[in-house]
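Since the structure comes first, as structure tokens, the remarks are kept for the end.
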Amino acid sequence: MFSRLVFGLGLLSATALVHPALAADAARTLQIFVSKDKQSLAVYDGTEVVATSKVSTGKDGHTTPSGIFSVLEKQKYHESNLYSAAPMPFMQRLTWSGIALHESNSVPRYPASHGCVRMPGAFAKMLYGMTDPGVPVIISDGELVPQPIDHSTLFHPDAPAAMPLLSDVELRPSMPDSPEKPVQVAMNDTAAMPMPAAQPIAAPEPEPPSEPISMLVTRRTLRETVIDIQALLNQLGFSAGNPDGLLGPSTVQAIKTFKTLRPAEFAADRSLVSDTLLREIYAAAGKGEPPNGVIMVRQAFKPIFEAPVTIADPGLALGTHFFTLHAVDEKAGTADWLGITLENNLSRETMKRLGITNQESSIITGKPIARSLSRITIPDETRRKIDALIAPGSTLTISDTGLGRETGEGTDFITITRG
């Protein structure tokens, strides 16, 4: 799914070559970074720039959105559905609403498009050959550079445990010579011989996952809260319907019945769904305090699962951060993550809706990535499940603002930081 470097040439402009050819078997995960300030595009393999080009992004009134995207589909020749069937050769779609990378004959290195990212023809063709659907594309106002990130909150594969082999043990027959003789079992005779030293052997190497995964850690919304309420009420014997996050008739009736059985707790609570309701349902199910965050996992543009997480200091913004898994060492159980922070100033209305009183960590100063990662607690069971799924090319987004309007069917997690 994610891009593998099969072309080894870097392009400084539409015509200048700057990178020596790489072996075809040196496949590496790529990321694409677009800077609107510099009107430039850079392709990264890890921390190494392998190709660059000038671009033209959206002009006033048609601004190219900033944020975290990925290539959703590719077409060698495409015509615009929005602008008089304008040609868009070597199109790489970033949103289903109409934002894409594509070739253009007009790339003046200043904003000139209707929202897409225009590229010179030779570069657009080369980039098209380098990528697969799923390659991350980061569009930002200022230039961003991925940096190695080492933090305990990030995921890594479990190192396989060594298996002892008792190769020198003398075995006794387990089948009798005749029916009259007693059966002897294979065992160590510690009285007759010393215990041999355990001989470790390496466990067989696990098969790598066929597809990377994409993950989003964000604050819980009403949808996630209702899903929890539905699932727990069903466990408690109430018929709340399918846990789908929708307040349908079955869910509403189950909530009302639950409240009726606890009149004292809900005497002053007039809301259908509230923090009080969630706490009471969690307590009744023996689940402790309800979480305030969620981690969602997708693979090949499809939802796989989601699970609760806890975010410390919820009044402080997490900020917007993006991580890619560049390499994995299955034997050592290590993972090489790269990370960036995107500026994402939240409106007062958004902060109020999310219960944020301070958005300091959403500004690119100090160590915002480490601060945000340290505030996230992921249950061990969820961590083990994700550790078993990660592969080079997997991504993790941390954001205060949830799924976002562009995330949907046939996408990874799309985060818009500036419209």
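- By the 4.5 Å heavy-atom criterion applied to side chains, D400 and N344 are not counted as neighbours.
- Inter-residue side-chain proximity for F69 and I99 is flagged as unmet; no heavy-atom pair is nearer than 4.5 Å.
- A salt bridge is absent between K287 and D228: the closest approach of a Lys/Arg side-chain nitrogen to an acidic carboxylate oxygen does not fall below 4.0 angstrom.
- A donor-acceptor contact shorter than 3.5 Å links the side chain of T251 to the backbone of A240.
- The two residues V226 and G245 come nearest to each other via the heavy atoms CG1-C, 3.6 Å.
- A distance of 4.0 Å separates CZ of F155 from CD1 of I295, quoted to the nearest 0.5 Å.
- Using a distance-only test at 3.5 Å, with no hydrogens or angles considered, a donor-acceptor pair links the side chain of S140 to the main chain of G142.
- P314 and R219 make their closest contact through O-NH1, 2.7 Å (heavy atoms, listed as atom of the first residue, atom of the second, distance).
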Practice item. Report the C-alpha separation of T64 and K36 in whole Å, then their side-chain angles, then the decisive distance to 0.1 Å, and conclude whether the side chain to side chain donor-acceptor pair (under 3.5 Å) test is met. Key: CA-CA 8 Å; T64 302; K36 292 195 288 187; over 6 Å; no

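- More than 12 heavy-atom neighbours from other residues, nucleotides or ligands sit within 6.0 angstrom of CG on D37.
- Of all the heavy atoms in S70 and D412, the pair that sits closest is OG-OD2, 3.3 Å.
- Looking at R109 and S40, their side chains come closer than 4.5 Å, going by heavy atoms from C-beta outward.
- Put simply, the side chain of R375 gets close to the backbone of A312: a donor and an acceptor are under 3.5 Å apart.
- R262 forms a cation-pi arrangement with F258, by the criterion of a distance under 6.0 Å to the ring centre and an angle within 45° of the ring axis.
- Between the side chains of E224 and T221, at least one donor-acceptor pair of N or O atoms lies under 3.5 Å.
- Panel note: side chain S274, backbone L277; a donor-acceptor pair is recorded below 3.5 Å.
- A donor-acceptor pair under 3.5 Å links the side-chain atoms of Y128 to the main chain of K76, judged by distance alone.
- Under the 4.5 Å side-chain criterion, counting only non-hydrogen atoms from C-beta, L278 is in contact with I229.
- Q230 contributes a side-chain N or O that, together with a main-chain N or O of L246, makes up a donor-acceptor pair within less than 3.5 Å.
- Across all non-hydrogen atoms, the minimal contact from M119 to L127 is SD-CD2, 3.7 Å.
- By the salt bridge (charged side-chain N to carboxylate O under 4.0 Å, His left out) test, R418 is found to be paired with D141, residues two or more places apart in sequence or in another chain being considered.
- No side-chain heavy atom of P212 sits under 4.5 Å from any side-chain heavy atom of L325.
- Nearest heavy-atom pair, V137 versus L101, reported as atom, atom and distance to 0.1 Å: CG2-CD1, 4.4 Å.
- Contact check for T29 versus T324: no side-chain heavy atoms found under the 4.5 Å cut-off.
- Taking CG from L318 and CD1 from I311, the interatomic distance works out to 4.5 Å, rounded to the nearest 0.5 Å.
- At a cut-off of 3.5 Å, with distance as the only test, a side-chain donor of S97 or E406 sits close to an acceptor on the other residue.
- We find the OG1-NZ distance between T357 and K352 to be 14.0 Å, quoted to the nearest 0.5 Å.
- Side chain of S113 to main chain of T57: a donor-acceptor pair is present (N/O by atom type, distance under 3.5 Å, no hydrogens or angles).
- Listed for the K259 side chain is no donor-acceptor partner under 3.5 Å among the backbone atoms of F266.
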Practice item. Evaluate side-chain contact (heavy atoms from CB on, under 4.5 Å) for I68 paired with L342, printing each intermediate quantity in order. Key: CA-CA 9 Å; I68 302 164; L342 289 84; 4.1 Å; yes

Exercise for review: Step by step, work out the side-chain contact (heavy atoms from CB on, under 4.5 Å) result for M215 and I213.
Suggested key: CA-CA 7 Å; M215 298 167 280; I213 59 174; 4.0 Å; yes

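- Remark: of the listed residues K385, R223, R298, R223 is the sole one forming a salt bridge (Lys or Arg N to Asp or Glu O under 4.0 Å) with E306.
- In this structure, a donor-acceptor pair under 3.5 Å is present between the side chains of T131 and K74.
- With contacts defined as side-chain heavy-atom distances shorter than 4.5 Å, the pair P148/D336 does not qualify.
- For the pair S56 (side chain) and R118 (backbone), a donor-acceptor distance under 3.5 Å is absent.
- Atom OG1 of T407 sits about 7.0 Å away from atom CZ of F413, to the nearest 0.5 Å.
- Looking only at atom types and distance, the side chain of H156 has no donor-acceptor partner in the side chain of T334 under 3.5 Å away.
- Atom CD1 of I398 is separated from atom CD1 of I376 by 3.5 Å, given to the nearest 0.5 angstrom.
- Side-chain contact between F238 and L261: present, with at least one pair of heavy atoms (C-beta onward) separated by less than 4.5 Å.
- Formation of a donor-acceptor pair under 3.5 Å by the S104 side chain with backbone atoms of S106 is found in this model.
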Check your understanding: For L338 and Y44, what are the C-alpha separation, side-chain angles and deciding distance, and is it a side-chain contact (heavy atoms from CB on, under 4.5 Å)?
Key -> CA-CA 11 Å; L338 303 170; Y44 278 84; over 6 Å; no

Review point. Hey, mind stepping through K54 and Q39 against side-chain contact (heavy atoms from CB on, under 4.5 Å) and telling me if it holds?
Key: CA-CA 6 Å; K54 67 177 182 178; Q39 291 292 289; over 6 Å; no

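- When all heavy atoms of F301 and V71 are compared, the closest pair comes out as CZ-O, 3.4 Å.
- The neighbour count for D329 CG, taken as heavy atoms of other residues, nucleotides or ligands under 6.0 Å away, is above 12.
- Under the 3.5 Å distance criterion, with hydrogens and angles disregarded, no donor-acceptor pair is assigned to the side chains of T47 and Q147.
- Distance CG/D45 to CE/M130: 8.5 Å, rounded to 0.5 Å.
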